[in-house]
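Working notes, beginning with the structure itself.
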Amino acid sequence: MGVELDSIFESAVNNTLFKNKGVLQTKYMPESVHHREEQIKQIAGILSSLLRSERPSNLFLYGKTGTGKTLSVQYVKTELEKKAEELGVDIRIEYLNCKMRKIADTEYRILAALIHQLGGSVPATGLPTDKVYSKFIELIDAKKQVVVLIFDEIDQAIAKMSDGFLYNLTRLNSELSKAQISLIGISNDVTFLENIDPRVRSSLGEEEIVFPPYNALQLQDILNQRSKMAFKENAVNEGVISKCAAFAAREHGDARRALDLLRIAGELSEREGKKSVELEYIDQANRKIEKDKILDVVEKGPKQFHLVLYSISKLSRVSKEKKELKIFTGDVYNLYQEFCRKTKTEILTQRRVSDIIAEIDMLGLINAQVISKGRHGRTKEITLSIPPNLIEKVDAILVESLGL
DNA sequence: CGAGATTCATGTGAAGTATACCTTTAGGCTTAA
DNA sequence: AAGCCTAAAGGTATACTTCACATGAATCTCGTA
(Lines give C-alpha, C1' and ligand atoms only; values in the text may rest on other atoms or scores of the structure.)
Protein backbone atom coordinates (compact mmCIF):
# COMPACT_ATOMS: atom_id res chain seq x y z
CA MET A 1 0.00 0.00 0.00
CA GLY A 2 2.71 2.39 1.01
CA VAL A 3 4.48 1.99 -2.25
CA GLU A 4 1.31 2.51 -4.18
CA LEU A 5 0.56 5.75 -2.41
CA ASP A 6 4.09 6.87 -2.82
CA SER A 7 3.86 6.58 -6.53
CA ILE A 8 0.65 8.52 -6.54
CA PHE A 9 2.14 11.30 -4.47
CA GLU A 10 5.23 11.19 -6.57
CA SER A 11 3.40 11.73 -9.80
CA ALA A 12 1.31 14.41 -8.17
CA VAL A 13 4.42 16.39 -7.45
CA ASN A 14 6.73 15.65 -10.33
CA ASN A 15 4.90 14.43 -13.27
CA THR A 16 2.19 16.97 -13.44
CA LEU A 17 0.80 17.60 -16.87
CA PHE A 18 -0.89 20.74 -15.81
CA LYS A 19 0.51 24.18 -15.90
CA ASN A 20 -2.59 25.77 -14.46
CA LYS A 21 -5.48 23.49 -13.83
CA GLY A 22 -7.70 26.29 -12.63
CA VAL A 23 -8.22 27.38 -16.22
CA LEU A 24 -10.29 24.29 -16.84
CA GLN A 25 -12.42 24.59 -13.76
CA THR A 26 -15.92 25.91 -14.06
CA LYS A 27 -15.33 28.85 -11.82
CA TYR A 28 -12.58 30.16 -14.06
CA MET A 29 -13.31 33.45 -15.75
CA PRO A 30 -11.42 33.92 -18.99
CA GLU A 31 -10.45 37.40 -20.04
CA SER A 32 -12.23 37.00 -23.29
CA VAL A 33 -15.26 34.99 -24.22
CA HIS A 34 -15.28 33.38 -27.62
CA HIS A 35 -18.19 32.70 -29.89
CA ARG A 36 -20.61 34.67 -27.74
CA GLU A 37 -19.71 38.07 -29.09
CA GLU A 38 -23.16 38.74 -30.37
CA GLN A 39 -24.89 37.96 -27.09
CA ILE A 40 -22.36 39.87 -25.07
CA LYS A 41 -22.84 42.90 -27.24
CA GLN A 42 -26.57 42.72 -26.71
CA ILE A 43 -26.28 42.36 -22.98
CA ALA A 44 -23.77 45.14 -22.77
CA GLY A 45 -25.95 47.31 -24.93
CA ILE A 46 -28.89 46.85 -22.66
CA LEU A 47 -26.98 47.29 -19.46
CA SER A 48 -24.94 50.20 -20.67
CA SER A 49 -27.61 52.61 -19.59
CA LEU A 50 -26.33 51.89 -16.12
CA LEU A 51 -23.40 54.10 -16.88
CA ARG A 52 -25.80 56.98 -17.30
CA SER A 53 -27.44 55.93 -14.05
CA GLU A 54 -30.57 54.96 -15.89
CA ARG A 55 -32.47 51.81 -15.28
CA PRO A 56 -31.85 49.19 -17.97
CA SER A 57 -34.66 46.98 -19.21
CA ASN A 58 -35.26 43.71 -17.52
CA LEU A 59 -33.52 40.97 -19.35
CA PHE A 60 -34.05 37.31 -19.83
CA LEU A 61 -31.47 34.83 -21.03
CA TYR A 62 -32.24 31.40 -22.36
CA GLY A 63 -30.01 28.56 -23.28
CA LYS A 64 -29.03 25.06 -22.35
CA THR A 65 -26.42 24.43 -19.71
CA GLY A 66 -22.90 25.28 -20.72
CA THR A 67 -23.82 27.64 -23.50
CA GLY A 68 -22.06 30.53 -21.88
CA LYS A 69 -24.96 32.38 -20.31
CA THR A 70 -23.46 32.77 -16.91
CA LEU A 71 -20.06 33.44 -18.33
CA SER A 72 -21.30 36.16 -20.63
CA VAL A 73 -23.24 37.90 -17.93
CA GLN A 74 -20.37 37.73 -15.52
CA TYR A 75 -18.10 39.06 -18.18
CA VAL A 76 -20.29 42.02 -18.91
CA LYS A 77 -20.72 42.54 -15.20
CA THR A 78 -17.03 42.86 -14.49
CA GLU A 79 -16.38 44.96 -17.56
CA LEU A 80 -19.19 47.25 -16.62
CA GLU A 81 -17.96 47.54 -13.08
CA LYS A 82 -14.51 48.44 -14.34
CA LYS A 83 -15.87 51.07 -16.64
CA ALA A 84 -18.11 52.47 -13.98
CA GLU A 85 -15.23 52.86 -11.61
CA GLU A 86 -13.32 54.64 -14.31
CA LEU A 87 -16.15 57.05 -14.83
CA GLY A 88 -16.86 57.36 -11.17
CA VAL A 89 -20.40 56.09 -11.56
CA ASP A 90 -21.94 54.14 -8.74
CA ILE A 91 -23.42 50.87 -9.94
CA ARG A 92 -24.40 47.72 -8.26
CA ILE A 93 -24.74 44.34 -9.90
CA GLU A 94 -25.53 41.33 -7.81
CA TYR A 95 -25.31 37.79 -9.04
CA LEU A 96 -27.18 34.99 -7.36
CA ASN A 97 -27.40 31.37 -8.30
CA CYS A 98 -30.80 30.04 -7.31
CA LYS A 99 -29.96 26.45 -7.85
CA MET A 100 -27.89 25.98 -4.76
CA ARG A 101 -30.12 23.90 -2.59
CA LYS A 102 -30.33 24.98 1.00
CA ILE A 103 -29.02 28.37 0.03
CA ALA A 104 -31.62 29.74 -2.22
CA ASP A 105 -34.59 27.56 -2.96
CA THR A 106 -37.34 29.53 -1.32
CA GLU A 107 -38.46 33.10 -1.56
CA TYR A 108 -37.22 33.77 1.92
CA ARG A 109 -33.83 32.24 1.38
CA ILE A 110 -33.23 34.02 -1.90
CA LEU A 111 -33.96 37.33 -0.30
CA ALA A 112 -31.80 36.45 2.65
CA ALA A 113 -28.93 35.56 0.37
CA LEU A 114 -29.38 38.78 -1.54
CA ILE A 115 -29.41 40.87 1.58
CA HIS A 116 -26.32 39.10 2.72
CA GLN A 117 -24.57 39.98 -0.50
CA LEU A 118 -25.57 43.58 -0.11
CA GLY A 119 -23.89 43.63 3.23
CA GLY A 120 -26.90 43.25 5.48
CA SER A 121 -27.79 40.28 7.57
CA VAL A 122 -30.95 38.39 8.31
CA PRO A 123 -31.62 35.41 10.52
CA ALA A 124 -32.08 32.03 8.92
CA THR A 125 -35.65 31.78 10.05
CA GLY A 126 -38.27 33.42 12.12
CA LEU A 127 -38.65 36.67 10.28
CA PRO A 128 -41.85 37.41 8.41
CA THR A 129 -41.25 37.56 4.70
CA ASP A 130 -42.56 41.07 4.32
CA LYS A 131 -40.12 42.20 6.94
CA VAL A 132 -37.35 40.69 4.91
CA TYR A 133 -38.67 42.54 1.89
CA SER A 134 -38.66 45.83 3.69
CA LYS A 135 -35.17 45.23 4.92
CA PHE A 136 -34.16 44.52 1.38
CA ILE A 137 -35.84 47.64 0.11
CA GLU A 138 -34.30 49.70 2.84
CA LEU A 139 -30.90 48.41 1.95
CA ILE A 140 -31.25 49.22 -1.70
CA ASP A 141 -33.10 52.44 -1.29
CA ALA A 142 -30.48 53.84 1.04
CA LYS A 143 -29.07 55.89 -1.76
CA LYS A 144 -29.83 56.86 -5.28
CA GLN A 145 -28.60 54.02 -7.39
CA VAL A 146 -29.55 51.45 -9.95
CA VAL A 147 -29.25 47.89 -8.81
CA VAL A 148 -29.16 44.97 -11.19
CA LEU A 149 -30.09 41.60 -9.82
CA ILE A 150 -29.03 38.53 -11.73
CA PHE A 151 -30.87 35.34 -10.95
CA ASP A 152 -29.13 32.37 -12.40
CA GLU A 153 -31.09 29.16 -12.95
CA ILE A 154 -34.20 30.95 -11.92
CA ASP A 155 -36.39 28.22 -13.36
CA GLN A 156 -35.17 25.87 -10.68
CA ALA A 157 -36.20 28.22 -7.96
CA ILE A 158 -39.60 29.03 -9.37
CA ALA A 159 -40.35 25.34 -9.78
CA LYS A 160 -40.19 25.05 -6.04
CA MET A 161 -42.21 28.11 -5.19
CA SER A 162 -44.86 30.17 -6.85
CA ASP A 163 -44.22 32.82 -9.40
CA GLY A 164 -45.53 35.34 -6.93
CA PHE A 165 -41.97 35.96 -5.99
CA LEU A 166 -41.13 37.21 -9.43
CA TYR A 167 -44.22 39.33 -9.44
CA ASN A 168 -43.14 40.94 -6.21
CA LEU A 169 -39.74 41.61 -7.63
CA THR A 170 -40.99 43.19 -10.79
CA ARG A 171 -43.27 45.38 -8.73
CA LEU A 172 -40.53 46.34 -6.37
CA ASN A 173 -39.63 49.44 -8.33
CA SER A 174 -42.76 51.20 -7.23
CA GLU A 175 -41.74 50.69 -3.62
CA LEU A 176 -38.43 52.35 -4.17
CA SER A 177 -38.11 56.08 -4.00
CA LYS A 178 -34.47 56.78 -4.64
CA ALA A 179 -33.08 53.61 -6.12
CA GLN A 180 -34.22 51.51 -9.02
CA ILE A 181 -33.72 47.88 -9.80
CA SER A 182 -33.72 45.82 -12.89
CA LEU A 183 -33.71 42.09 -13.17
CA ILE A 184 -31.83 39.61 -15.22
CA GLY A 185 -33.18 36.10 -15.28
CA ILE A 186 -31.20 33.18 -16.57
CA SER A 187 -32.96 29.97 -17.41
CA ASN A 188 -32.01 26.64 -18.89
CA ASP A 189 -35.58 25.95 -19.70
CA VAL A 190 -36.72 27.59 -22.88
CA THR A 191 -40.37 27.18 -22.02
CA PHE A 192 -39.95 28.76 -18.63
CA LEU A 193 -41.57 32.10 -19.35
CA GLU A 194 -44.55 30.48 -21.00
CA ASN A 195 -45.74 28.95 -17.77
CA ILE A 196 -45.78 31.95 -15.54
CA ASP A 197 -48.04 34.84 -14.80
CA PRO A 198 -48.46 36.94 -17.94
CA ARG A 199 -47.88 40.14 -16.00
CA VAL A 200 -44.52 38.84 -14.90
CA ARG A 201 -43.77 37.53 -18.34
CA SER A 202 -44.18 40.81 -20.07
CA SER A 203 -42.26 42.65 -17.45
CA LEU A 204 -39.39 40.25 -17.06
CA GLY A 205 -39.08 39.56 -20.72
CA GLU A 206 -38.64 43.16 -21.80
CA GLU A 207 -35.57 41.93 -23.56
CA GLU A 208 -34.72 38.36 -24.36
CA ILE A 209 -31.55 36.82 -25.58
CA VAL A 210 -31.15 33.25 -26.70
CA PHE A 211 -27.91 31.38 -26.32
CA PRO A 212 -27.64 28.68 -28.96
CA PRO A 213 -25.51 25.63 -28.25
CA TYR A 214 -21.92 25.70 -29.34
CA ASN A 215 -21.15 23.54 -32.31
CA ALA A 216 -18.23 21.13 -32.33
CA LEU A 217 -15.93 23.57 -34.05
CA GLN A 218 -16.54 26.31 -31.57
CA LEU A 219 -16.09 23.93 -28.68
CA GLN A 220 -12.83 22.83 -30.18
CA ASP A 221 -11.69 26.38 -30.44
CA ILE A 222 -12.57 27.10 -26.84
CA LEU A 223 -10.86 23.97 -25.64
CA ASN A 224 -7.76 24.82 -27.62
CA GLN A 225 -7.55 28.23 -26.03
CA ARG A 226 -7.91 26.88 -22.56
CA SER A 227 -5.71 23.85 -22.93
CA LYS A 228 -2.85 26.03 -24.05
CA MET A 229 -3.00 27.74 -20.70
CA ALA A 230 -3.90 24.72 -18.66
CA PHE A 231 -1.45 22.10 -19.82
CA LYS A 232 2.26 22.00 -20.26
CA GLU A 233 3.55 21.90 -23.77
CA ASN A 234 2.91 18.68 -25.65
CA ALA A 235 0.94 17.30 -22.76
CA VAL A 236 -2.15 16.81 -24.84
CA ASN A 237 -2.20 14.08 -27.42
CA GLU A 238 -3.44 14.40 -30.92
CA GLY A 239 -7.18 14.24 -31.20
CA VAL A 240 -7.94 14.63 -27.54
CA ILE A 241 -9.35 18.07 -27.93
CA SER A 242 -11.52 17.21 -30.87
CA LYS A 243 -12.85 14.16 -29.12
CA CYS A 244 -13.81 16.17 -26.06
CA ALA A 245 -15.49 18.67 -28.30
CA ALA A 246 -17.34 15.95 -30.15
CA PHE A 247 -18.54 14.41 -26.92
CA ALA A 248 -19.81 17.67 -25.60
CA ALA A 249 -21.36 18.69 -28.89
CA ARG A 250 -23.44 15.59 -28.70
CA GLU A 251 -24.61 16.76 -25.29
CA HIS A 252 -26.34 19.86 -26.65
CA GLY A 253 -23.08 21.76 -27.06
CA ASP A 254 -22.25 22.00 -23.42
CA ALA A 255 -18.94 23.79 -23.05
CA ARG A 256 -18.79 23.19 -19.35
CA ARG A 257 -19.01 19.50 -20.05
CA ALA A 258 -16.25 19.74 -22.61
CA LEU A 259 -13.94 21.47 -20.16
CA ASP A 260 -14.75 19.01 -17.41
CA LEU A 261 -14.00 16.17 -19.76
CA LEU A 262 -10.66 17.59 -20.66
CA ARG A 263 -9.73 18.35 -17.09
CA ILE A 264 -10.74 15.00 -15.72
CA ALA A 265 -9.11 13.13 -18.58
CA GLY A 266 -6.01 15.08 -17.69
CA GLU A 267 -6.28 14.20 -14.04
CA LEU A 268 -6.77 10.56 -14.83
CA SER A 269 -3.84 10.48 -17.19
CA GLU A 270 -1.71 12.18 -14.63
CA ARG A 271 -2.72 9.80 -11.92
CA GLU A 272 -1.69 6.93 -14.12
CA GLY A 273 1.67 8.53 -14.58
CA LYS A 274 1.25 9.19 -18.27
CA LYS A 275 3.31 11.83 -19.94
CA SER A 276 0.37 13.22 -21.81
CA VAL A 277 -3.38 13.16 -21.91
CA GLU A 278 -4.44 10.14 -23.87
CA LEU A 279 -7.54 9.56 -25.87
CA GLU A 280 -8.78 6.57 -23.96
CA TYR A 281 -9.12 8.56 -20.76
CA ILE A 282 -11.85 10.69 -22.21
CA ASP A 283 -14.31 7.86 -22.10
CA GLN A 284 -13.34 7.22 -18.54
CA ALA A 285 -13.74 10.87 -17.72
CA ASN A 286 -17.15 10.88 -19.29
CA ARG A 287 -18.25 8.01 -17.10
CA LYS A 288 -16.75 9.61 -14.05
CA ILE A 289 -18.63 12.83 -14.60
CA GLU A 290 -21.94 11.03 -14.90
CA LYS A 291 -21.12 9.05 -11.84
CA ASP A 292 -20.07 11.97 -9.69
CA LYS A 293 -23.11 13.95 -10.63
CA ILE A 294 -25.48 11.25 -9.53
CA LEU A 295 -23.60 10.26 -6.43
CA ASP A 296 -23.44 13.85 -5.40
CA VAL A 297 -27.16 14.33 -5.71
CA VAL A 298 -27.84 11.16 -3.80
CA GLU A 299 -25.40 11.98 -1.10
CA LYS A 300 -26.69 15.37 -0.22
CA GLY A 301 -30.32 14.36 0.02
CA PRO A 302 -31.84 14.20 3.50
CA LYS A 303 -32.47 10.96 5.33
CA GLN A 304 -36.11 10.56 4.42
CA PHE A 305 -35.16 10.87 0.76
CA HIS A 306 -32.64 8.16 1.27
CA LEU A 307 -35.20 5.86 2.78
CA VAL A 308 -37.58 6.38 -0.08
CA LEU A 309 -34.89 6.03 -2.68
CA TYR A 310 -33.56 2.92 -1.06
CA SER A 311 -37.00 1.38 -1.10
CA ILE A 312 -37.34 2.17 -4.77
CA SER A 313 -33.93 0.77 -5.51
CA LYS A 314 -34.71 -2.44 -3.66
CA LEU A 315 -38.03 -2.80 -5.40
CA SER A 316 -36.56 -2.19 -8.78
CA ARG A 317 -34.06 -4.95 -8.20
CA VAL A 318 -36.82 -7.37 -7.29
CA SER A 319 -38.95 -6.32 -10.20
CA LYS A 320 -36.06 -6.77 -12.57
CA GLU A 321 -35.73 -10.38 -11.55
CA LYS A 322 -39.38 -10.92 -12.18
CA LYS A 323 -39.01 -9.19 -15.50
CA GLU A 324 -40.43 -5.72 -15.89
CA LEU A 325 -42.84 -5.43 -13.06
CA LYS A 326 -43.57 -1.81 -12.59
CA ILE A 327 -43.11 -0.10 -9.26
CA PHE A 328 -46.02 1.79 -7.73
CA THR A 329 -46.36 4.24 -4.92
CA GLY A 330 -48.12 1.79 -2.66
CA ASP A 331 -45.33 -0.77 -2.86
CA VAL A 332 -42.75 1.86 -2.23
CA TYR A 333 -44.62 3.14 0.76
CA ASN A 334 -44.97 -0.29 2.30
CA LEU A 335 -41.31 -1.08 1.96
CA TYR A 336 -40.46 2.39 3.11
CA GLN A 337 -42.37 1.88 6.34
CA GLU A 338 -40.51 -1.33 6.92
CA PHE A 339 -37.18 0.39 6.52
CA CYS A 340 -38.30 3.14 8.82
CA ARG A 341 -39.05 0.65 11.52
CA LYS A 342 -35.77 -1.07 10.93
CA THR A 343 -33.81 2.14 11.19
CA LYS A 344 -36.01 3.54 13.92
CA THR A 345 -36.89 6.52 11.81
CA GLU A 346 -40.15 8.34 12.06
CA ILE A 347 -42.60 7.17 9.43
CA LEU A 348 -43.93 9.93 7.27
CA THR A 349 -47.40 9.95 5.81
CA GLN A 350 -48.11 8.66 2.39
CA ARG A 351 -48.99 12.16 1.40
CA ARG A 352 -45.53 13.34 2.21
CA VAL A 353 -43.83 10.35 0.66
CA SER A 354 -45.77 11.05 -2.49
CA ASP A 355 -44.26 14.52 -2.52
CA ILE A 356 -40.82 13.15 -1.79
CA ILE A 357 -41.14 10.82 -4.74
CA ALA A 358 -42.02 13.80 -6.87
CA GLU A 359 -38.97 15.63 -5.59
CA ILE A 360 -36.65 12.73 -6.28
CA ASP A 361 -38.16 12.67 -9.72
CA MET A 362 -37.19 16.29 -10.13
CA LEU A 363 -33.66 15.44 -9.18
CA GLY A 364 -33.62 13.01 -12.05
CA LEU A 365 -32.83 9.93 -10.03
CA ILE A 366 -36.09 8.28 -10.84
CA ASN A 367 -38.79 8.62 -13.40
CA ALA A 368 -42.28 8.90 -12.03
CA GLN A 369 -45.42 9.14 -14.09
CA VAL A 370 -48.97 9.28 -12.91
CA ILE A 371 -50.98 6.59 -14.57
CA SER A 372 -54.41 5.23 -14.05
CA LYS A 373 -54.74 1.52 -13.66
CA GLY A 374 -58.43 1.72 -14.21
CA ARG A 375 -60.31 -0.34 -11.76
CA HIS A 376 -57.15 -0.63 -9.76
CA GLY A 377 -56.87 3.01 -9.06
CA ARG A 378 -54.28 5.60 -9.79
CA THR A 379 -50.59 5.60 -9.05
CA LYS A 380 -47.25 6.89 -9.96
CA GLU A 381 -45.41 4.43 -12.07
CA ILE A 382 -41.81 4.64 -10.97
CA THR A 383 -38.63 3.61 -12.70
CA LEU A 384 -35.17 3.99 -11.36
CA SER A 385 -33.15 6.06 -13.81
CA ILE A 386 -29.77 5.47 -12.32
CA PRO A 387 -27.46 3.67 -14.72
CA PRO A 388 -27.13 0.00 -13.74
CA ASN A 389 -23.41 0.18 -13.13
CA LEU A 390 -23.97 2.83 -10.51
CA ILE A 391 -26.79 1.28 -8.57
CA GLU A 392 -24.41 -0.60 -6.37
CA LYS A 393 -22.55 2.52 -5.41
CA VAL A 394 -25.73 4.44 -4.79
CA ASP A 395 -26.99 1.63 -2.61
CA ALA A 396 -23.77 1.72 -0.68
CA ILE A 397 -24.22 5.39 0.05
CA LEU A 398 -27.78 4.84 1.10
CA VAL A 399 -26.96 1.90 3.31
CA GLU A 400 -24.26 3.87 5.00
CA SER A 401 -26.40 6.91 5.55
CA LEU A 402 -29.22 4.81 6.93
CA GLY A 403 -26.99 2.62 9.03
CA LEU A 404 -28.47 -0.62 7.76
C1' DC B 1 -72.87 -5.22 -27.41
C1' DG B 2 -72.11 -0.59 -26.04
C1' DA B 3 -73.01 3.59 -23.33
C1' DG B 4 -72.83 5.07 -18.67
C1' DA B 5 -72.08 4.37 -14.00
C1' DT B 6 -68.79 2.48 -10.58
C1' DT B 7 -64.66 1.81 -8.37
C1' DC B 8 -60.19 1.67 -6.73
C1' DA B 9 -55.60 3.48 -5.09
C1' DT B 10 -53.61 7.41 -5.11
C1' DG B 11 -52.90 12.17 -6.68
C1' DT B 12 -53.42 16.77 -5.07
C1' DG B 13 -54.85 21.06 -2.83
C1' DA B 14 -55.81 23.52 1.45
C1' DA B 15 -55.48 24.11 6.01
C1' DG B 16 -53.60 22.82 10.39
C1' DT B 17 -49.58 21.48 13.62
C1' DA B 18 -44.93 21.03 15.69
C1' DT B 19 -40.52 22.82 15.93
C1' DA B 20 -36.97 25.94 15.87
C1' DC B 21 -35.91 30.40 15.74
C1' DC B 22 -36.60 35.68 15.66
C1' DT B 23 -38.17 40.31 17.60
C1' DT B 24 -40.29 42.99 20.98
C1' DT B 25 -41.43 44.20 25.51
C1' DA B 26 -41.49 44.55 30.28
C1' DG B 27 -39.38 43.79 34.40
C1' DG B 28 -35.53 43.55 37.33
C1' DC B 29 -30.98 44.39 38.38
C1' DT B 30 -26.71 47.10 38.01
C1' DT B 31 -24.25 51.23 37.61
C1' DA B 32 -22.74 55.90 37.62
C1' DA B 33 -23.75 60.32 39.08
C1' DA C 1 -32.30 57.80 36.06
C1' DA C 2 -30.07 55.45 32.47
C1' DG C 3 -28.26 51.18 30.79
C1' DC C 4 -28.14 46.35 30.30
C1' DC C 5 -29.74 41.64 30.68
C1' DT C 6 -33.32 38.14 30.79
C1' DA C 7 -37.50 35.85 30.25
C1' DA C 8 -41.98 35.80 28.50
C1' DA C 9 -45.01 36.88 24.74
C1' DG C 10 -46.06 37.03 20.13
C1' DG C 11 -44.85 35.93 15.46
C1' DT C 12 -42.81 33.31 11.16
C1' DA C 13 -40.74 29.63 7.95
C1' DT C 14 -40.36 25.02 7.20
C1' DA C 15 -41.41 20.29 7.09
C1' DC C 16 -44.83 17.50 7.91
C1' DT C 17 -49.79 15.88 8.91
C1' DT C 18 -54.82 15.78 8.36
C1' DC C 19 -58.81 16.29 5.79
C1' DA C 20 -61.30 16.21 1.78
C1' DC C 21 -61.97 16.03 -2.79
C1' DA C 22 -60.30 14.93 -7.67
C1' DT C 23 -58.89 11.49 -11.22
C1' DG C 24 -59.39 8.43 -15.09
C1' DA C 25 -59.41 4.06 -17.23
C1' DA C 26 -60.59 -0.96 -16.18
C1' DT C 27 -64.68 -3.14 -14.91
C1' DC C 28 -69.46 -3.62 -14.07
C1' DT C 29 -74.52 -2.76 -15.17
C1' DC C 30 -78.18 -2.81 -17.71
C1' DG C 31 -81.00 -1.52 -21.55
C1' DT C 32 -81.28 -2.75 -26.23
C1' DA C 33 -80.65 -5.22 -30.62
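What's counted below: heavy atoms across the whole structure, side chains too, no hydrogens, waters or symmetry copies. Per chain, numbering begins at 1; letters A, B, ... match sequence-line order.
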Determine, for [X] against [Y], whether the closest basic-nitrogen to carboxylate-oxygen distance falls under 4.0 angstrom.
| X | Y | answer |
| --- | --- | --- |
| A/Lys243 | A/Asp283 | yes |
| A/Lys41 | A/Glu37 | no |
| A/Arg351 | A/Asp355 | yes |
| A/Glu153 | A/Lys69 | no |
| A/Lys143 | A/Asp90 | yes |

If you compare every side-chain N and O of A/Ser354 against the phosphate oxygens of B/dT10 (OP1, OP2), does one of them come in below 4.0 Å?
no

Does the ring of A/Phe339 carry A/Lys314 above it, NZ/CZ under 6.0 angstrom from centre and within 45° of its axis?
no

Checking side-chain contact (heavy atoms from CB on, under 4.5 Å) for the pair A/Val89/A/Lys83: CA distance, chi angles, key distance, verdict?
CA-CA 8 Å; A/Val89 186; A/Lys83 192 75 184 173; over 6 Å; no

Would the distance check show the side chain of A/Ser269 and the main-chain N or O of A/Ala265 forming a donor-acceptor pair, the cut-off being under 3.5 Å?
yes

Which residues in residues 368-380 of chain A have a heavy atom closer than 4.0 Å to any atom of DNA chain B?
A/Val370, A/Gly374, A/Arg375, A/His376, A/Gly377, A/Arg378, A/Thr379, A/Lys380

Would you kindly give the [atom1]-to-[atom2] distance between [X] and [N], to the nearest whole Å?
| X | N | atom1 | atom2 | result |
| --- | --- | --- | --- | --- |
| A/Arg109 | B/dC21 | CZ | C1' | 13 Å |
| A/Lys135 | B/dC22 | NZ | P | 13 Å |
| A/Ile382 | B/dG11 | CD1 | P | 8 Å |
| A/Tyr108 | C/dA15 | OH | P | 13 Å |

Using atom names, set out every protein N or O paired with an N or O of nucleotides 16-19 of chain C below 3.5 Å, distance rounded to 0.1 Å.
residue	atom	partner	partner atom	Å
C/dC16	OP2	A/Arg352	NE	2.9
C/dC16	OP2	A/Arg352	NH2	2.6
C/dT17	OP1	A/Ile347	O	3.4
C/dT17	OP1	A/Thr349	N	3.0
C/dT17	OP2	A/Thr349	N	3.0
C/dT17	OP2	A/Thr349	OG1	2.4
C/dT17	O5'	A/Thr349	OG1	3.3

